[in-house]
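Letters A, B, ... mirror the listed sequences (proteins, then strands); counts begin at 1.
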Number of protein chains: 6
Amino acid sequence: MLITRKIEFSASHACRNPSLSDRENSEIFGTASNPHGHGHNYSVEVTLAGDPDPVTGMVMDLKELKDILNREIVEPFDHRFLNHEVSPFDRVIPTAENVAIEIWRRIEPALAGQLHNVRVWETPDLYVDYSGDAA
Amino acid sequence: MLITRKIEFSASHACRNPSLSDRENSEIFGTASNPHGHGHNYSVEVTLAGDPDPVTGMVMDLKELKDILNREIVEPFDHRFLNHEVSPFDRVIPTAENVAIEIWRRIEPALAGQLHNVRVWETPDLYVDYSGDAA
Amino acid sequence: MLITRKIEFSASHACRNPSLSDRENSEIFGTASNPHGHGHNYSVEVTLAGDPDPVTGMVMDLKELKDILNREIVEPFDHRFLNHEVSPFDRVIPTAENVAIEIWRRIEPALAGQLHNVRVWETPDLYVDYSGDAA
Amino acid sequence: MLITRKIEFSASHACRNPSLSDRENSEIFGTASNPHGHGHNYSVEVTLAGDPDPVTGMVMDLKELKDILNREIVEPFDHRFLNHEVSPFDRVIPTAENVAIEIWRRIEPALAGQLHNVRVWETPDLYVDYSGDAA
Amino acid sequence: MLITRKIEFSASHACRNPSLSDRENSEIFGTASNPHGHGHNYSVEVTLAGDPDPVTGMVMDLKELKDILNREIVEPFDHRFLNHEVSPFDRVIPTAENVAIEIWRRIEPALAGQLHNVRVWETPDLYVDYSGDAA
Amino acid sequence: MLITRKIEFSASHACRNPSLSDRENSEIFGTASNPHGHGHNYSVEVTLAGDPDPVTGMVMDLKELKDILNREIVEPFDHRFLNHEVSPFDRVIPTAENVAIEIWRRIEPALAGQLHNVRVWETPDLYVDYSGDAA
């Protein structure tokens, strides 16, 4: 059984690889490579797997989940320029893909083996899913 | 191939275990344990698996599916206080998890082995997925 | 210029007039008259009118607005059975219309003549607008 | 890792099998069998699987993906009557199921083994998922 | 006070003036002039004005409103090719503007002076509002 | 009669008044005053007033409207840091209120007296409406 909680934060990012030239970045990322950055209302869906507890009927305590997501995602990411203010995006390009991987890395320790998937919506037309590294 | 139909109903519920004290219920469920109940516009996505029929191009007759969902879900759940009026929620806590399991149990017999997943949205920020008990 | 902030709460209500018989309530309100109540994820859009402040560029301090809406609407209404737990709905039928009027009445004193409209969505298909009593 | 891009087109279709009588079509498809057709704002979610490129941080170049989806789906399907103007829907009933299969067939060659799923929303209450034919 | 109810129907239309040439229609309406038609999931918001009834707390009986909207809009428009099957769209171009005017014309007699506005969404990005002819 | 077209752009901004201290900005704007900026998927609804043209059935040529909105709004605002790259936001705080006023100022000359309202959604929970300066 899966349970999914959605949270939102507003941040800015620039899609550019510092080891490439401006022209190369522009060819790869288009206007998203603008070094001043641009922003999104990010929406994140965190999915946990488990069986409902027989006493509570819940896969996980939702208040505790909310606290974890606020502490690990909303507080450090919201109202930030990801490339300049949120590690490791000074050296990892904050594409939607890499944002999802980083969110997984940050919340997985607190979720005791229940974390199943992280979905990151960058715009209403684009989202990525990351469910951990099987490698 | 999968086909998913969404339906909605409005109901109220209280998240509390009758075998626990008021204080214990409040610690576990917070304000959701209020015995007067509170409510949601529930949205349910029912997913069937199958191959399109060569004559109709459809995985299942959508009119028949709609009739089943109305008869088994909308009519018994809509405009009801789940804990008091919909079995087995007098003794099973109607968390989103348990609502999904009960919906699966009710519609599975009519769906001839095609039922693949039941998703229940309790609010726009919280949903659960149940795809049957593998145990 | 208008600025609108949306908030949400989950509550249950019953649409019935205590001075009418069960049969009359059922004829007027249908299944919504069920005395056990049913519920909704209410969404409320509060609209203020004003000119942006030359120093802040804002019609109103959004943090202060959020505090007012939480204190006057979310805290008293969320996770409640309106008819039994929120005044005046023990004697005023909590239709969407009356919920909007009551929200206006509660927040108007704190909004210093800027309150312009209250929109209450009871379901994604039904909403009401109240902009004060001109009478 | 999965990345999903959503696109939209507006088209009309009729759900009818030309080898059946009008009465048989009406029994199977109801008003959707009307030979004049009716229409939808179709929404299509195309999901690719892969690992982020170490240089770009992207599973696929999003500008290239957008070009493929415009060329293969939006341009041929948008503002068309599918049964009369888009092959093979002169002989294949354009149910949501068959539209998804046809979209898969059209874009799969350009997506180099990364195509993972095609979801087609016919209305906000009905969608199908197709992830290729395992047979 | 205003109350708004939303309904939906799926229909196809062609935006073309029969008194113009194909080339002129194409210049004005682009691909929307395709005589085979294309389609939309139309969403219609009907707004009524009034005061809540002191006995029922409602501006209008919602069950009666739903019956009127189904009889006057959904039944005649749903699953139809507007230009060929719904009067007066054989001679009036069924742009969103003209669809809204026609819906107003059809429902106004049953709504006893309470009809305030008709909003027609043709796509999620385009809608029109009509509130009657002041001329 | 009104017709409304929605467009979107992604940008970043910082809410801070350069003539105030960091501490004052933080007290007024909270985390939104972060000088690195943060971002949003802005959604803009542009509403025009007019009567449908008797030949075209349209209040305005939608292709022309789309061209104007792309040229005047999407191209200059999309993927930009408003405070640093879009005039006059180097000296005017780009609150949602001021973004709406600036959009009005930019598109009004091309819309020949038909411009009726500009609505700017900064997040799904906050929007402003500007309909010109009556003063």
Using a 3.5 Å distance criterion without hydrogens, assess whether the side chain of C:N83 forms a donor-acceptor pair with backbone atoms of C:D90.
no

Contact part of E:E8 toward chain C, heavy-atom cut-off under 4.5 Å: side chain, backbone, both or neither?
neither

For the residue pair E:W104 and E:Y130, does the interplanar ring angle fall in the parallel (under 30°), tilted (30 to 60°) or perpendicular (over 60°) class?
perpendicular

So for E:L62, is it side chain, backbone, both, or neither that comes closer than 4.5 Å to the heavy atoms of chain C?
side chain

When the 4.5 angstrom heavy-atom criterion is applied to C:L126 and chain E, the contacting part is both

Can a donor-acceptor pair be found, under 3.5 Å and without considering hydrogens, that links the side chain of C:E102 to the backbone of C:V99?
no

So for C:E122, is it side chain, backbone, both, or neither that comes closer than 4.5 Å to the heavy atoms of chain E?
neither

Toward chain E, the part of C:P124 with a non-hydrogen atom under 4.5 Å
backbone

What option among C:T123, C:I28, C:V120, C:L20 has the most heavy-atom pairs under 4.5 Å with chain E?
C:I28

Would you call the rings of C:F77 and C:F89 parallel, tilted or perpendicular, taking 30° and 60° as the class edges?
perpendicular

Looking only at atom types and distance, does a side-chain atom of C:N17 sit under 3.5 Å from a main-chain N or O of E:V55, one as donor and one as acceptor?
yes

